[in-house]
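In what follows, a structure is listed as structure tokens, so that the remarks can point back to it.
Bear in mind that the values here come from a model prediction, so they are computed numbers and not experimental data.
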Amino acid sequence: MELSAISSVLETIGMLTQQVTSLLGVDDQVVSLERELRWMQSFLKVADSRKADNEVVRDRVADIRDLAYDAEDVIETFALRVASKRKAGFSNCIKRSACCLKEGCLLCHTKSEIEKITVRISELTRQLKTYDVTKLGVDGEGPSSSALRRESRRPYPHIVDDNIIGLDGDIKTLLPLFVDEESECRVVAICGMGGLGKTTLAKKIYQHDQVVSHFKYLAWANVSQQFQKRKIWEDIFSKLSSTNVRGSNQSEEEIAQKLFKFLEDNKCLVILDDIWSIEAWNSLKPAFPIERNSNSKILLTSRRKEIVSHADPRCYQCALRCLNNKQSWELLQKIAFPISDFTGYGVDAKLRDLGKDMVKHCAGLPLAIIVLGGILATKNNSLNEWRKVSTNVKACLKRDTSDVKDVLALSYDDLPPYLSPCFLYLSHFPEDYEIHKGRLIQLLIAEGIVSPNQEEDCGEIAEDVAEGYLMELVERCMIQVCERDIATLEVKTFQMHDLMRDFCMSKAKEEKFFYIVDQSNACSSSTDQGFRRISMHEYCRIQCIKSTKLRSLLFFKEIPIEALRPRSLVSYEEGESRLCNPLASILFISIIGISLLKLQGIWTYMLNNFKLLRVLDLEPINDFFGCKLPSGIGNLIHLRFLSLRDLSFVRSKLPSSLGNLRCLQTLDLRLERGSCSHSNSIYVPNVIWRMLQLRHLYLPSKCKRRTKLKLGTLRKLLTLVNFNTKKCYLKDLINMTNLRELEINGPFKIEDFNEELDKNPPIIQANYLHSLSIISNEIDTRHLTHLLSCCGNLRKLSLAVEISKLPEYHYLSSNLVYIKLIRCKLEEDPMLTLEKLSDLRILEFHDKAFKGKEMFCSAHGFPKLESLSLMYLENLEELKVDEKAMPSLRGLEIGNCHNLNILPNGLRFITTLEKLKIESMPKTFIAKVLQGREHDPFIIVRD
């Protein structure tokens with residue numbers, strides 16, 4: 001349901017109403033509109049709580065969402081164009097006097113639009129009350145689809161699927177936890193996404209001979225999403241003992257106490273299958289003696305990882321993984337060829353090739369492979385029939401059975417209202433796309449899916465809230481972690497399982513959440529006019545998009561060069577290879593001119609027709625995108641997210657109309673230099689200070705000197721990239737108290753600097769600044785020292801600056817976990833300073849970071865260092881490591897240090913070392929390292 005969307009709209013309307021209601025003629029209508037929307041919100045809450053899921057309800061929800069968005073657009077447009085300009089003061093009154101007629105027209109238009117929305121709301125309210133659609137699929141037509149899915153997936157422990165592949169290792173690992181007397185593990189948990197085989201593995205354990213003979217009593221309980229605590233306890237107790245407590249007059253406390261006592265006194269195994277929430281576990285836990293020295297064990301299965309850690313700190317977690325290609329094909333054979341011993345059965349080579357190709361679409365999900373195998377098993381090994389299935393595997397999976405969809409739908413049904421739109425938003429991204437966490441969070445906030453308006457009330461910034469939502473989806477096994485930050489171990493990128501993404505896309509289309517332009521529709525004449533979000537996975541003519549209410553436009557595909565040239569010229573050019581030919585020169589100039597006109601046409605259409613855009617991400621579209629960024633960009637006053645990264649224009653001058661974008665939260669200006677420009681610099685007008693809502697600012701790597709940017713008004717800024725004191729004012733940093741990430745690229749100079757560091761005023765007072773990167777050829781070591789002394793909570797530090805000596809230890813943050821030094825040309829051994837950082841985990845010296853001959857790691861230094869990298873240190877001759885130095889080191893990388901003669905003898909004392917990587921080192925050095933250890937997998941050698 002779109003609860004979060006309408007909630008965000010109501011918050012925005014509430015804030016804007018404070019500005020708008022001071023204007024005559026609109027206040028009553030806005031208040032009435034807000035009241036009606038709140039009634040709509042209550043309807044959504046009822047519909048969501050009852051899990052009403054049918055086409056009628058979905059259509060009404062879509063209608064409510066459209067009404068809410070229309071209301072927000074109308075009121076925000078009026079507020080931005082009129083209310084925000086109504087300031088006190090005589091001079092402002094004079095300036096506005098000439099605009100009275102224009103304001104009057106806009107006021108009349110706003111009143112008219114609100115009246116239209118009110119009429120639509122009245123009609124929709126009448127329909128909702130007349131037909132009471134929230135009861136559809138609940139009271140009037142039997143159980144909801146969610147309830148039916150739960151019932152169809154109810155497991156029975158005596159029925160075990162023999163078609164099991166890939167679980168032998170897990171069974172071997174888990175068995176000792178149950179049957180070894182010395183095992184102190186009381187709770188074992190199996191977790192993973194739906195369809196991986198959690199229940200199947202639990203059944204194999206439950207019926208294993210060693211388990212059955214070890215435990216005196218065994219009981220299986222299916223918890224599921226809708227459960228009754230008392231009934232679960234009664235069922236378990238009845239299965240374990242001869243006493244039947246069902247229907248007795250005993251209280252819940254008495255039943256829990258009896259079950260607790262029985263489990264404590266006897267050797268029992270209880271399986272709790274399909275636990276969906278921490279609340280469910282907390283509710284059931286009082287009956288289980290998990291904190292006592294009991295001989296009973298608990299095995300639980302869940303799709304949510306956080307339940308596992310919450311169940312018992314000592315709990316063993318078995319996280320199931322998808323099958324690899326070999327295992328997937330093996331499982332498919334078992335199902336597709338239903339004979340007693342398929343291992344001796346000769347599979348036709350063509351069928352085998354088709355099968356191996358088809359099974360890849362299941363992406364290692366056992367349930368999907370079983371479904372596909374069931375389809376193929378009915379085709380009598382006919383090559384033609386297999387080819388028909390192969391042409392569209394996913395369509396066959398959807399048509400022949402709903403098992404896969406139903407399993408994944410159960411996870412979706414369990415999502416709270418605030419997570420549903422976050423999950424659906426992930427369908428915007430192409431298949432196998434690695435989604436960068438930071439960018440995704442910025443998009444979720446810009447779209448209003450996560451609202452920044454409640455930050456003052458809840459005390460948590462929107463970015464942290466959004467990250468929490470995404471991590472909850474990870475814990476629910478609905479998205480997968482691809483990459484983590486090597487230093488902080490925080491998630492960097494996500495990815496969706498192919499089948500989970502297919503389900504997500506079908507659900508998003510069902511709820512009219514977005515429109516995707518892909519290979520199936522890129523050539524169609526026009527897109528649906530009802531969508532407010534469009535994701536371009538394939539290029540199509542922008543003029544085909546007819547929706548004037550578009551809010552979000554994301555590009556994931558470059559504009560092909562052929563699309564910018566006329567066909568006649570393209571065909572002529574393909575046949576003309578000699579550029580010295582005058583006709584070829586004329587052709588080339590004609591192509592450039594026509595391409596520029598077409599690109600200008602794209603800009604003109606977007607700026608004239610998509611005036612309600614909030615998200616415009618042009619980063620992947622093309623490196624060259626016209627003569628210049630049009631001044632009309634300033635008309636997109638609703639923009640929250642604008643990315644121009646890697647775009648290139650003929651003229652590298654940005655328009656001053658950017659200052660009109662007062663709602664911007666993310667602005668990425670990391671453009672390529674102008675195509676016809678003689679310099680690498682981009683001209684940025686001094687208007688960014690007007691964007692008071694800005695949270696993430698990425699400046700060009702090089703700006704023209706003509707303007708110096710004022711940024712002191714950007715008090716909400718969290719990310720600032722490519723800052724330097726040549727194009728910005730150093731004093732502005734002091735106002736950015738929320739800054740978390742700062743990248744300095746270029747000169748950094750402190751004016752009127754006092755030689756006594758303690759007497760200089762602080763440069764920055766951001767208590768949450770955790771990442772600092774400096775790339776500069778012009779920086780005084782004293783200025784660097786003062787800057788670092790102001791950053792007491794830094795966790796990551798990257799320095800690409802030439803300095804002879806590192807600042808003293810007490811000027812560095814004690815919280816540092818990652819340090820990277822590049823081109824520093826340090827003369828003194830930096831180890832003596834850095835080894836005192838007790839939390840440092842990763843240390844990298846690259847590209848002449850140190851020009852001395854000797855490095856020394858003393859005893860007890862670097863207590864938590866896990867990774868050390870020494871690359872391109874041309875003068876380094878000796879690395880000394882004392883005994884008890886770097887006791888936690890796991891990885892050592894040495895490369896292009898041609899004067900280094902031998903590995904330090906002290907490495908033999910480091911028992912934690914797991915990997916030694918040698919790259920582009922002299923043959924004599926490699927020979928000494930490999931002596932007697934030529935086949936040691938611990939050592940990796942690369943030329």
Side-chain angles (χ1 to χ4, degrees), residues 5 8-27 29-31 33-34 37 67-89 92-93 95-114 116-117 445-448 451-453 462 532 548-553 606-616 630-642 655-667 685 687-695 713-716:
S8 175
V9 171
L10 285 169
E11 288 173 16
T12 303
I13 289 177
M15 293 181 63
L16 295 175
T17 300
Q18 297 175 9
Q19 304 175 45
V20 178
T21 51
S22 62
L23 305 177
L24 292 175
V26 183
D27 51 351
Q29 290 173 300
V30 172
V31 171
L33 181 61
E34 185 179 10
L37 286 172
L67 282 169
Y69 283 156
D70 284 344
E72 185 180 29
D73 290 338
V74 169
I75 297 174
E76 184 173 90
T77 300
F78 183 74
L80 290 173
R81 293 196 179 279
V82 178
S84 62
K85 298 178 182 178
R86 293 204 164 190
K87 300 177 182 178
N92 286 315
C93 290
K95 290 178 183 178
R96 287 184 47 253
S97 60
C99 304
C100 287
L101 181 60
K102 185 177 180 180
E103 287 186 10
C105 293
L106 186 57
L107 180 63
C108 291
H109 175 74
T110 303
K111 290 176 65 176
S112 174
E113 290 299 313
I114 292 178
K116 292 178 183 178
I117 293 171
I445 296 171
E447 294 271 14
S451 174
N453 297 334
R532 294 176 186 263
T548 58
K549 295 181 179 181
L550 194 65
R551 282 184 160 217
S552 175
L553 184 58
M606 281 199 300
L607 299 178
N608 288 341
N609 292 276
F610 307 150
K611 293 183 178 180
L612 299 176
L613 271 181
R614 292 174 173 237
V615 171
L616 180 58
S631 60
I633 192 75
N635 294 328
L636 304 182
I637 58 175
H638 298 273
L639 271 180
R640 266 78 168 166
F641 181 102
L642 175 61
S656 58
S657 60
L658 280 171
N660 296 337
L661 308 180
R662 309 291 181 90
C663 294
L664 266 182
Q665 298 166 353
T666 299
L667 176 61
V687 295
I688 296 178
W689 62 270
R690 299 178 185 173
M691 306 171 186
L692 303 183
Q693 305 303 317
L694 210 57
R695 307 170 75 89
T713 57
L714 309 181
R715 298 179 179 274
K716 295 184 178 181

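- Closest non-hydrogen pair, P685 versus S656, comes out as CG-CA, 3.8 Å.
- Proximity of D70 to K549: side-chain heavy atoms (C-beta onward) are separated by under 4.5 Å at one or more points.
- Within the 4.5 Å cutoff, the side chain of L636 has no heavy atoms near those of the L642 side chain.
- In this structure, CG on L612 lies 9.0 Å from CG on L550, to the nearest 0.5 angstrom.
- Note that CG of N635 and CG of L661 are 9.0 Å apart. Values are rounded to the nearest 0.5 Å.
- Rounding to the nearest 0.5 Å places OG1 of T713 at 8.5 Å from CZ of R715.
- For the side chain to side chain donor-acceptor pair (under 3.5 Å) criterion with H638, the lone passing option out of R551, E76, R614 is E76.
- Residues Y69 and R532 form a side-chain contact, since some pair of their non-hydrogen atoms from C-beta on lies under 4.5 Å apart.
- Rounding to the nearest 0.5 Å places CD1 of I75 at 7.5 Å from CD1 of I117.
- Contact record, F641 with L664: N-CD2, 3.8 Å, taken as the closest heavy-atom pair.
- A pairwise comparison of heavy atoms in R640 and A446 identifies CB-CB, 3.6 Å as the closest pair.
- Counting only heavy atoms from C-beta outward, the side chains of I688 and L714 approach each other to under 4.5 Å.
- The two residues I633 and S657 make their nearest non-hydrogen contact at CG2-OG, 3.9 Å.
- Ionic pairing of D73 and K611 is not present here: no N-O contact between side-chain nitrogen and carboxylate oxygen is shorter than 4.0 angstrom.
- For T666, there are no side chain to side chain donor-acceptor pair (under 3.5 Å) partners two or more places apart in sequence or in a different chain.
- The CG atom of N660 sits 11.0 Å away from the CG atom of L639 when rounded to the nearest 0.5 Å.
- Of all heavy-atom pairs spanning P630 and P655, the tightest one is O-CG, 3.7 Å.
- Side-chain atoms of K716 and P452, non-hydrogen and from C-beta on, never get closer than 4.5 Å to each other.
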Side chain to side chain contact (heavy atoms under 4.5 Å, CB included) assessment of M606 paired with L613
CA-CA 9 Å; M606 281 199 300; L613 271 181; 5.6 Å; no

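- Taken to the nearest 0.5 Å, the CD atom of E113 stands 9.5 Å off from the OG1 atom of T77.
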